[in-house]
Amino acid sequence: MNIHEYQAKELLAKYGVGISAGIPALTVEEAVAAAKQLPGPLYVVKAQIHAGGRGKGKFKELGPDAKGGVRLAKSVEEVEAFAKEMLGNTLVTIQTGDAGKQVNRLYVTDGVDIDKEYYFSMLVDRKTGRVAMIVSTEGGMDIEEVAHSTPEKITTVTIDPAEGFKPHHGRAVAFALKLTGDLNKQAQKLSKQIYEAFIAMDCDMLEINPLVESKASDSKPAELLVLDTKMSFDSNALFRHPDIFALRDETEEDPAEIEASKYDLAYIKLDGDIGCMVNGAGLAMATMDIIKLNGMFPANFLDVGGGATTEKVTAAFKIILADPNVKGILVNIFGGIMRCDVIAEGIVAAAKDVNLSVPLVVRLEGTNVEKGKEILGNSGLAIVPANDLGDAAKKIVAEVQKVA
Ligand code: ADP
Ligand code: MG
């Protein structure tokens with residue numbers, strides 16, 4: 001699960017991490033009121049969408065010369081003008097795809113006088129079985145580009161979670177960022193705070209880009225501040241964090257995926273033409289592979305799980321068919337715990353319920369498979385039975401091409 005920048009910053013602040021002060025706003029009036037509460041005279045108005053690259057993004061409804069999704073404002077009036085332009089409009093960034101995302105929330109923050117921008121992220125590193133801190137002196141810009149052209153400018157510090165964060169990890173981070181004196185100490189402290197936040201909240205990814213060093217002034221020494229952050233959480237651990245779960249913004253998620261999650265279906269939309277309904281993630285992947293092997297592409301990944309009830313199968317059919325790209329459906333179910341006859345009954349009931357309009361190939365295997373096939377055969381529906389996975393993939397591709 002992902003959350004918005006302002007929510008992530010508020011969470012990090014609880015662990016002592018320095019952030020630029022800011023207030024979220026849902027309306028122009030709220031944005032103005034937010035700016036009035038901040039010290040000024042420099043403000044930054046930031047679109048809150050679950051995608052990065054906002055600064056360089058473009059609003060669909062505004063001209064090509066209009067400013068992007070992160071705007072520096074020099075007065076409360078300018079904050080108001082920007083809020084009017086941004087709210088309700090569609091921001092397209094390199095991460096949103098061409099459709100873009102409607103901006104429904106803004107974050108009005110303190111403008112920071114920046115001396116230098118750094119990159120800092122943390123993730124679960126499957127390769128080493130540890131958590132990794134990835135840092136670079138090249139912050140603010142596209143980190144993928146830095147990794148591609150100057151990989152030596154990226155340092156990875158891995159931490160064994162059983163051992164926990166040790167002072168040498170903090171020193172390694174501060175050294176990699178080439179910081180000295182008080183800023184070096186700040187980086188060590190910040191690394192520890194971020195590690196604690198990451199573990200305590202069961203994050204699976206936390207990215208700060210940029211982490212900045214502010215310009216020192218007469219009244220204030222230079223400090224390290226988080227100016228932008230993205231945070232995502234391990235969904236399997238969310239039950240431990242009702243407060244974090246409450247931050248979920250469904251308007252940022254794919255409606256079909258939200259519908260699927262209501263029925264405990266693991267669904268991910270893809271770009272192909274063949275809808276797939278499978279039980280078990282491994283079998284679902286194999287099914288997608290074999291569709292490709294036969295020359296077409298899967299329209300989705302869908303794992304109905306171990307207990308595929310009629311209700312679940314019906315919901316799955318509806319979700320698959322709601323995708324206008326779907327030209328045929330391949331059902332591949334292994335009835336281990338579930339009996340094939342029960343599944344067959346579910347498929348028949350669901351197919352009748354949704355008025356199935358595209359070819360349907362069903363491959364069943366497992367307990368009571370003969371009975372299951374009999375139910376499908378006697379259903380009066382144009383269901384094409386298949387004997388094995390290879391046969392099923394060939395048949396659905398042939399059926400779809402026959403219609404086309
Ligand atoms: P995104 O990564 O989605 O484009 P950021 O929040 O990183 O959005 O903003 C882009 C750039 O805008 C930053 O790299 C930074 O230079 C500048 N910026 C962001 N927030 C502030 C701020 N509070 N004060 C000054 N500059 C900012
Ligand atoms: Mg950023």
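This structure is a prediction, so every number in the text was calculated from the model and none was measured. One-based numbering, in listed order, for ligands and for the atoms of each.
- Closest to atom 18 (N) of ligand 1 among all protein heavy atoms lies Leu227 CD1, 4.1 Å.
- The heavy atom nearest to atom 23 (N) of ligand 1, considering only Asp228, Asp110, Thr229, Leu225, is found in Asp110.
- In terms of polar-atom proximity, defined here as any N/O pair under 3.5 Å, Ala51 makes no such contact with ligand 1.
- Between Glu5 and ligand 1, a contact under 3.5 Å exists for no N or O pair.
- In summary, the atoms of ligand 1 found under 4.0 Å from a heavy atom of Gly111, numbered by their order in the structure, are 24 (N).
- Distance from atom 8 (O) of ligand 1 to its nearest protein heavy atom, with residue and atom name: Arg54 NH2, 3.2 Å.
- Distances from atom 21 (C) of ligand 1 to the protein include at least one heavy-atom value under 4.0 Å.
- Atom NZ of residue Lys185 and atom CZ of residue Arg171 lie 12.0 Å apart, to the nearest 0.5 angstrom.
- Protein heavy atom at the shortest distance from atom 26 (N) of ligand 1 is Ile114 CD1, 3.5 Å.
- Between the side chain of Asn300 and the backbone N or O of Ile268, no donor-acceptor pair lies under 3.5 Å.
- Set against the non-hydrogen atoms of Asn209, the atoms of ligand 1 under 4.0 Å away are 7 (O).
- Among Glu117, Lys46, Lys56, the residue whose heavy atom sits closest to atom 14 (O) of ligand 1 is Glu117.
- A salt bridge links Asp202 with Arg240: the distance from a Lys NZ or Arg NE/NH1/NH2 to an Asp or Glu carboxylate oxygen falls below 4.0 Å.
- With hydrogens left out, the protein atom closest to atom 4 (O) of ligand 1 is Gly55 N, 2.7 Å, a heavy atom.
- In terms of heavy atoms, Phe317 sits closest to Ala350 at CD1-CB, 3.4 Å.
- Salt-bridge check for Glu259 with Lys318: failed, with every basic side-chain N at 4.0 Å or more from each acidic carboxylate O.
- A salt bridge does not link Lys67 with Glu85: every distance from a Lys NZ or Arg NE/NH1/NH2 to an Asp or Glu carboxylate oxygen is 4.0 Å or more.
- Atom numbering of ligand 1 starts at 1 in the shown order; those under 4.0 Å from a heavy atom of Pro210 are 7 (O), 13 (C), 14 (O).
- A salt bridge does not link Glu10 with Lys14: none of the charged nitrogens is closer than 4.0 Å to a carboxylate oxygen.
- Taking only nitrogen or oxygen atoms, main chain and side chain alike, Val112 reaches within less than 3.5 Å of ligand 1.
- Nearest non-hydrogen protein atom to atom 10 (C) of ligand 1 is Val70 CG1, 4.3 Å.
- Listed by atom number, the atoms of ligand 1 under 4.0 Å from Thr109 heavy atoms are 23 (N).
- Among the atoms of Gly53, some N or O lies under 3.5 angstrom from an N or O of ligand 1.
- Using cut-offs of 30° and 60° on the angle between ring planes, the pair Tyr6 and His4 is parallel.
- Of the charged side-chain nitrogens involved, at least one lies within less than 4.0 Å of a carboxylate oxygen, so that Glu253 and Arg248 count as a salt-bridged pair.
- The Mg ion (ligand 2) sits nearest to atom OD2 when only the N, O or S atoms of Asp228 are considered.
- The Val44 neighbourhood of ligand 1 comprises atoms 21 (C), 22 (C), 23 (N), 24 (N), 25 (C), with distances under 4.0 Å to a heavy atom of that residue.
- Considering only heavy atoms from C-beta on, Lys56 stays 4.5 Å or farther from Thr93 through its side chain.
- The closest side-chain heavy-atom distance from Leu238 to Phe233 is below 4.5 Å.
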